[in-house]
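Reviewing the structure listed below.
Just so you know, these numbers come straight off a predicted model, no measurement behind them. Just so we're on the same page: letters track the sequence lines, and every chain starts at 1.
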Amino acid sequence: MLEIRNLHVVVEGKEILRGIDLSIGPGEVHALMGPNGSGKSTLSNVLVGRPGYEVTQGEVRYRGRDLLEMKPEERAREGVFLAFQYPVEIPGVSNAYFLRASLNAMRKHRGEEEIDAVDFLGLIKEKMKLLDIDMSLLNRSLNEGFSGGEKKRNEILQMLLLDPMLAVLDETDSGLDIDALRIVANGVGTLRSERHAVLVITHYQRLLNYLVPDFTHVLIEGRIARSGDRALAQELEQRGYGWLEAEQAQGSA
Amino acid sequence: MTAGPAESAFLEHFAALEAGLPGHGLPWLEDLRREASASFRELGIPTTRLEDWRFTPLTTLAKTPFQPAQGAREISPAAIESHTRVIGSAPRVVFVNGAHVPALSSVGELPPGVCISSLASALAREPERIEPHLSRCADHKTRAFTALNTALASDGLFLELAPGAVLAEPLHVLFVQTGEDPPIAAHLRNLVVAGPGSRALLVEHYIGSAQGVYLTNAVTEIIAGRDSRLEHIKLQQESENAYHIAGLSARQEAGSQITSHSLSLGGRLMRFDIQIMLGGEHAHCTLNGLYLARSTQHVDHHTTIDHAMPHTTSRELYKGILDGSAKGVFHGRIHVRPDAQKTNAHQSNRNLLLSESAAINSKPQLEIYADDVRCTHGAAIGRLDEDALFYLRTRGIDLEAARSLLTFAFASDVTGLLPIEPLRESMESFVRDWLSGGQGTR
């Protein structure tokens, strides 16, 4: 589904990603781990087309297409979704209005009828219940004054609503308490199917206790230092990132 | 300096029209008009050399020899239906080209103590009810257009509320200009006298034919008695070639509350001066405003809130959206007098510039002479938030739709405060339409 080859990315004149290779197939859940500043969020931002991220080498193919050629809204409509680490607050745009506008943009793209307000409300309430989100969040301005946990859950709500092919979760676990973590993991778990793929970016292994990855990758200084299965995540939890950093430093010396 | 064409024309109008103006023969009114015309002769049409007009050149206006309005031209109820519908079946007073049109107006049964009439007919019938109030708030001595208005006003609304009277329905006052050639000037004068404990909601609404060149020069005075509650909505939807100069002057007594909403959506050049005197303890005013301008439109708001007594409060929120080569001016003055302890005032002016060549000059002016007060202000000029635009796009919403969504959200802070639901919906759809490049739902 997603093929990343030799990806180099420069942000504000500094090379952050220095040759990433990563392949994600349908039905797979991948975990991308790594210390702060290793380039995890840069990768997620590049995948959704944030302006200011310059790809200097390499390519990203998504379901056979050149992902980097597509506008952010096209990527979304074609099924790429990022749950942001820091969702933006947008005063004056109600959450409900936004969610419906977003869903309708997807439906229009698929040649489907727009969903009316009543059907939409039924659908969204069901998903909010699943994620244990307070209904009052619907009528509030998007993310404005939401707690950290509410923002993260609202991201997962969007994910469930839009039903993406490829979901990228950028540090969704940070700032969540253990109950919220379980609820979010269960929500993401519903995406686990032959059609979907998930890339979980995280600093800790916590979320992975609930959302067990098929593959684990460790990003260090803009390169994937090691790939493995679930056991690698557990090993990192015990040993930290230092030994891999040391190995990488040796390798490049 | 010799008078330009507009100035000369106005000076001629004084002599030519005097005998035909409402209330002619009332000595106090004749004195007032002569005094006002002398003021205008002295002041002339303001130039950018005056601090208050520094950013608003009236060069083109001053070159236009406006004709006096010659009374109402006949228009059908259908022509104004789209504008009256949004206020509903409430009492309505309609003026066309400066003249009251009873056939289009309908006041119906009014609650006890509520008097609605045209200023001209009130002056003919019971001038003693007008005399104590007219020109007590608006300043015709230093303000040229107020002087012009005081000397030449042909008509306008007179609303009087007896103590405790409540006008629950909105009162719709519609001013139509038909855009005659040669261009005419209509000077409209509205007077609201609200007795103690009274309540009313008033919509002052200006519209014009799409292409018409004309001048609307309007002055509204409000005397808000003790503990009265007044809500005032001004909708400015003049023609795209029109000049709109307006003033709202209010004096508030103790415990009174005025909420003003100003939506400035049309006109080629518009200027609105608001002057609120909080003249009694615990008087409060709220000023909400939204202005939209594009192409070469010029929109200028000057507001002054005078905290003259202790425990007075004010809240002001003005927002502007400017596109094309539009120019905006906002000047918000808050004056706190030495005795006005415990004043609480907050002012905010936020502007969104949608193009490189649009510009705004925003200036807060706080003059505080008391020490135990709380006054805050904020002014912002910005563009759409890039992070917010990106976020919306990652959810499938295309760039154009995302821009329009954010711009609409910016405006909805103000439109959302409109107290009449059909009007709020109509204004929101006007803003949406305007954002998509249309004329707005006229």
Side-chain angles (χ1 to χ4, degrees), chain A residues 44-53 70-95 97-110 114 139 141-144 151 154-155 157-159 161-164 166-168 170, chain B residues 261 263 288-292 317-321 348-352 354 378 380-418 421 424-425 427-432 434-436:
Chain A
S44 67
N45 279 309
V46 168
L47 291 180
V48 291
R50 184 186 283 276
Y53 288 71
M70 294 158 73
K71 291 187 207 164
E73 55 268 41
E74 280 179 74
R75 300 182 196 199
R77 291 171 192 172
E78 290 292 332
V80 178
F81 180 90
L82 171 64
F84 284 89
Q85 183 177 6
Y86 302 111
V88 183
E89 298 193 2
I90 307 188
V93 176
S94 89
N95 200 18
Y97 186 92
F98 158 73
L99 291 167
R100 187 151 81 96
S102 173
L103 180 60
N104 278 332
M106 306 292 181
R107 290 172 73 109
K108 196 173 157 201
H109 180 69
R110 295 194 294 255
E114 292 200 350
N139 295 320
S141 284
L142 177 55
N143 290 324
E144 193 186 29
K151 283 182 185 168
N154 205 48
E155 292 291 291
L157 175 66
Q158 293 168 45
M159 189 188 79
L161 182 70
L162 303 178
D163 190 31
L166 172 67
V168 182
D170 191 357
Chain B
H261 307 263
L263 278 81
N288 300 316
L290 174 68
Y291 43 94
L292 307 182
L317 172 66
Y318 264 71
K319 289 189 137 186
I321 302 174
S348 169
N349 173 234
R350 306 201 167 268
N351 297 281
L352 193 54
L354 298 180
I381 300 165
R383 299 183 188 277
L384 290 174
D385 180 353
E386 291 294 331
D387 286 339
L389 279 174
F390 175 66
Y391 185 85
L392 294 173
R393 294 177 77 191
T394 66
R395 300 308 186 238
I397 297 166
D398 66 50
L399 184 59
E400 272 313 297
R403 279 201 181 120
S404 141
L405 189 63
L406 292 180
T407 312
F408 180 77
F410 178 84
S412 68
D413 275 3
V414 178
T415 54
L417 297 168
L418 289 169
E421 196 174 328
R424 183 170 63 238
E425 284 166 7
M427 287 301 115
E428 286 176 348
S429 70
F430 183 101
V431 173
R432 276 186 213 282
W434 188 88
L435 291 174
S436 63

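- Side-chain contact check for A/Ile90 versus B/Leu392: some heavy-atom pair is nearer than 4.5 Å.
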Legend entry - Full working for side-chain contact (heavy atoms from CB on, under 4.5 Å) between B/Asp387 and A/Arg50: CA-CA 9 Å; B/Asp387 286 339; A/Arg50 184 186 283 276; 3.3 Å; yes

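- In this structure, the side chains of A/Leu82 and B/Thr394 stay at 4.5 Å or more apart for every pair of heavy atoms.
- Residue with the most contacts toward chain B among A/Gly49, A/Ser102, A/Ser94: A/Ser102 (heavy-atom pairs, distance under 4.5 Å).
- When heavy atoms are compared at a cutoff of 4.5 Å, A/Asn143 approaches chain B solely by way of its side chain, counted from C-beta outward.
- Within the 4.5 angstrom heavy-atom criterion, only side-chain atoms of A/Leu142, from C-beta onward, approach chain B.
- Pairing each heavy atom of B/Ala409 with each of A/Pro91, the nearest pair is CB-O, 3.6 Å.
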Inset, instruction - Quick one: do B/Tyr391 and A/Phe98 satisfy side-chain contact (heavy atoms from CB on, under 4.5 Å)? Show the steps, please. - result: CA-CA 11 Å; B/Tyr391 185 85; A/Phe98 158 73; 3.8 Å; yes

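- Side-chain contact between B/Phe390 and A/Val48: present, with at least one pair of heavy atoms (C-beta onward) separated by less than 4.5 Å.
- Applying the salt bridge (Lys or Arg N to Asp or Glu O under 4.0 Å) rule to B/Arg403 yields the partners B/Glu400; only residues at least two apart in sequence or on another chain are considered.
- Between A/Arg77 and B/Asp398, the closest side-chain pair of non-hydrogen atoms falls below 4.5 Å.
- In terms of non-hydrogen atom pairs under 4.5 Å with chain B, the most contact-rich of A/Pro164, A/Pro72, A/Ala76, A/Ala105 is A/Pro72.
- Taking a cutoff of 4.0 Å between a charged side-chain nitrogen and a carboxylate oxygen, A/Glu155 and B/Arg395 qualify as a salt bridge.
- Between B/Ser412 and A/Gly92, the closest heavy-atom pair is OG-O, 3.8 Å.
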